[in-house]
Amino acid sequence: SIATYGQLGSTQMQNIGVGANAVGIHVKTSRGNVEKALKFYVFSAPGCKDCATVDSHLPEVSTLFAPVLMPAGFTENPEAMRGIASAYCAQNADIQWMAMANGLPIPAGLASCDWIDRAKASELISIISGVQGDRQIWPVIVAPNGAYHVGPIVGPNPAYALSEWLFVNSKYVAATP
């Protein structure tokens, strides 16, 4: 099972939602998503081993949920920056990100497109929402109700465990500021 590390408030969730619409990488699940799928957010970075254990299973979550990747934790990591650039500059950012999570080598050079502002905005969202805090442990998964988990998902079926945790945390509960 997945442990809940903390709970974000409504303002923090609104900030993440608005930011994710502008700079998030929306991942298509392997079976498609239902029309009103609930978004959840994964703050992650290419080249992060624990992140890859989560990211690689995002397409397998329940169709009731729509994963959105938010690049974070990369400011002092050139490899992660190259991976983020590669994803943002790809025709299908989610496919490129998933390929890297599944072992595709991160490119040796920076891709050239207008990616840096989106990446910086995503990093800023992780900071102002309180997701990043003073830790450098990634990934951080934020459920539809604002509950969040820090670190990898361990166990025999990570996609099922994640879907189960998301279902439990799909109804919004206001946190005390």
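This is a predicted model, so every value here is computed, not measured.
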What's the shortest heavy-atom distance between [X] and [Y], and which atoms?
X: Leu38; Y: Ser170; answer: CD1-CB, 3.6 Å
X: Leu166; Y: Pro144; answer: CD2-CD, 3.9 Å
X: His26; Y: Val68; answer: ND1-CG2, 3.5 Å
X: Pro152; Y: Pro139; answer: N-CD, 4.2 Å
X: Ala72; Y: Ala45; answer: O-CB, 3.3 Å
X: Ala147; Y: Trp165; answer: O-CH2, 3.6 Å

Under the criterion side-chain contact (heavy atoms from CB on, under 4.5 Å), I'd like the reasoning laid out for His149 against Val142: C-alpha separation, chi angles, the key distance, then a yes or no. CA-CA 7 Å; His149 169 79; Val142 181; over 6 Å; no
Would a 4.5 Å heavy-atom cut-off, applied to side chains only, mark [X] and [Y] as touching?
X: Gln96; Y: Leu104; result: yes
X: Val61; Y: Pro67; result: yes
X: Met98; Y: Pro59; result: yes
X: Tyr88; Y: Ile25; result: yes
X: Thr75; Y: Lys120; result: no
X: Leu162; Y: Leu58; result: yes
X: Phe43; Y: Cys51; result: no
X: Ser62; Y: Phe167; result: no

Shared hydrophobic cluster for [X] and [Y] (ILVMFWY, side-chain gaps under 4.5 Å):
X: Leu64; Y: Tyr160; value: no
X: Ile125; Y: Ile84; value: yes
X: Phe74; Y: Ile116; value: yes
X: Leu124; Y: Tyr148; value: no
X: Leu69; Y: Ile106; value: no

With no hydrogens and no angle check, just 3.5 Å: does a side-chain donor-acceptor pair link [X] and [Y]?
X: Ser86; Y: Trp115; answer: no
X: Asp50; Y: Trp138; answer: no
X: Asp55; Y: Ser44; answer: yes

Apply side-chain contact (heavy atoms from CB on, under 4.5 Å) to the pair Met70 and Val23, showing each step before the final yes or no. CA-CA 7 Å; Met70 300 291 291; Val23 300; 4.1 Å; yes
What residues form a salt bridge (charged side-chain N to carboxylate O under 4.0 Å, His left out) with Asp94, not counting sequence neighbours?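 Asp94: salt bridge (charged side-chain N to carboxylate O under 4.0 Å, His left out) contacts with Lys28.
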Does [Y] offer a backbone N or O that forms a donor-acceptor pair with the side chain of [X] under 3.5 Å?
X: Ser122; Y: Arg118; result: no
X: Asn77; Y: Ala80; result: yes
X: Arg82; Y: Pro107; result: yes
X: Gln12; Y: Ser129; result: yes
X: Glu123; Y: Gly73; result: yes

So how far is it from [X] [atom1] to [Y] [atom2], rounded to the nearest 0.5 Å?
X: Ile16; Y: Leu8; atom1: CD1; atom2: CG; value: 5.0 Å
X: Asn15; Y: Ile127; atom1: CG; atom2: CD1; value: 13.0 Å
X: Ile153; Y: His57; atom1: CD1; atom2: NE2; value: 8.0 Å
X: Glu164; Y: Asn157; atom1: CD; atom2: CG; value: 10.0 Å
X: Asn145; Y: Gln7; atom1: CG; atom2: CD; value: 5.0 Å
X: Phe40; Y: Ile141; atom1: CZ; atom2: CD1; value: 7.5 Å

